[in-house]
Amino acid sequence: MKTPALPPAAPPPERNFFADVHAVTRLVPPGRVTSYGAIAHYLGAARGARTVGYALMAANLDAATLRREEAVPAHRVVNRLGQLTGRGHFPTPTAMQERLEAEGVQVADDAVVDFEKLFWNPATELP
DNA sequence: CCCTTGACGGGCT
DNA sequence: GAGCCCGCCAAGG
């Protein structure tokens, strides 16, 4: 029968997209910020910016596994406008801003000041 | 299996 | 220059 020969093992490339996002995020140096789209583009999923954010959220949830949420400095990742759109997912609404300020990053009106100057592009900074 | 939501981005109006 | 709409990837109901 034409059993739908299920592919014995056509496991889609387990592109641990999440782990990959976490890794890139960890490479973001303190005092610098990057954007979801930049990470997504660096990973090949130029249009997967949203997925990047999802991965970061999962990262915080997996913080226990990572030992510490600081392992993934998600506060250094903002949207393309430099806005702290993910602040609502931190323990406190101001945690993200405070962490950035603790690194010398000025935040005004929920947005990174001199975002373009502090912007850290993985595709450019990383080999 | 289909529909909706979500830490986004880019294009058009 | 700001606002609106559509598109992408993944997960949950």
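Every chain is numbered from 1 and lettered A, B, ... according to where its sequence line falls, protein lines coming before strand lines. Atoms considered below: every heavy atom in the structure, side chains included; atoms not considered: hydrogens, waters and symmetry mates.
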Nearest-Å distance, [atom1] ([X]) to [atom2] ([N])?
X        : N      : atom1 : atom2 : answer
A/Gln83  : C/dA2  : CD    : P     : 11 Å
A/Arg80  : C/dC8  : CZ    : C1'   : 16 Å
A/Tyr36  : C/dG7  : OH    : P     : 24 Å
A/Asn16  : C/dA11 : CG    : P     : 11 Å
A/Phe17  : C/dC9  : CZ    : C1'   : 8 Å
A/Phe119 : B/dC8  : CZ    : P     : 15 Å
A/Arg47  : C/dG7  : CZ    : P     : 12 Å
A/Asn79  : B/dG9  : CG    : C1'   : 9 Å

Margin query: Pair A/His75, A/Phe90 - check side-chain contact (heavy atoms from CB on, under 4.5 Å), show working.
Written below: CA-CA 9 Å; A/His75 61 279; A/Phe90 281 78; 3.8 Å; yes

Next item on the list: Among the candidates B/dA7, C/dA10, B/dG9, find the nucleotide nearest to the side-chain atoms of A/Ala74.
Entry: B/dA7

Check: If you group Ile, Leu, Val, Met, Phe, Trp and Tyr by side-chain heavy-atom gaps below 4.5 Å, do A/Leu81 and A/Trp120 land in one group?
Finding: no

Check: OP1, OP2 of C/dC8 versus side-chain N and O of A/Thr51: anything below 4.0 Å?
Finding: no

Checklist line | Polar pair under 3.5 Å, donor/acceptor by atom type, side chain A/Arg50, base C/dC8 | finding: yes

Next item on the list: Record whether the side chain of A/Tyr54 comes under 3.5 Å of the base of C/dA10 through a donor-acceptor pair of N or O atoms.
Entry: no

Next item on the list: Indicate yes or no for a side-chain donor-acceptor contact from A/Thr94 to the backbone of A/Gln97 under 3.5 Å, with no hydrogens or angles considered.
Entry: no

Check: Per the side chain to side chain contact (heavy atoms under 4.5 Å, CB included) rule, which among A/Leu43, A/Asn16, A/Thr51, A/Val72 passes with A/Val21?
Finding: A/Leu43

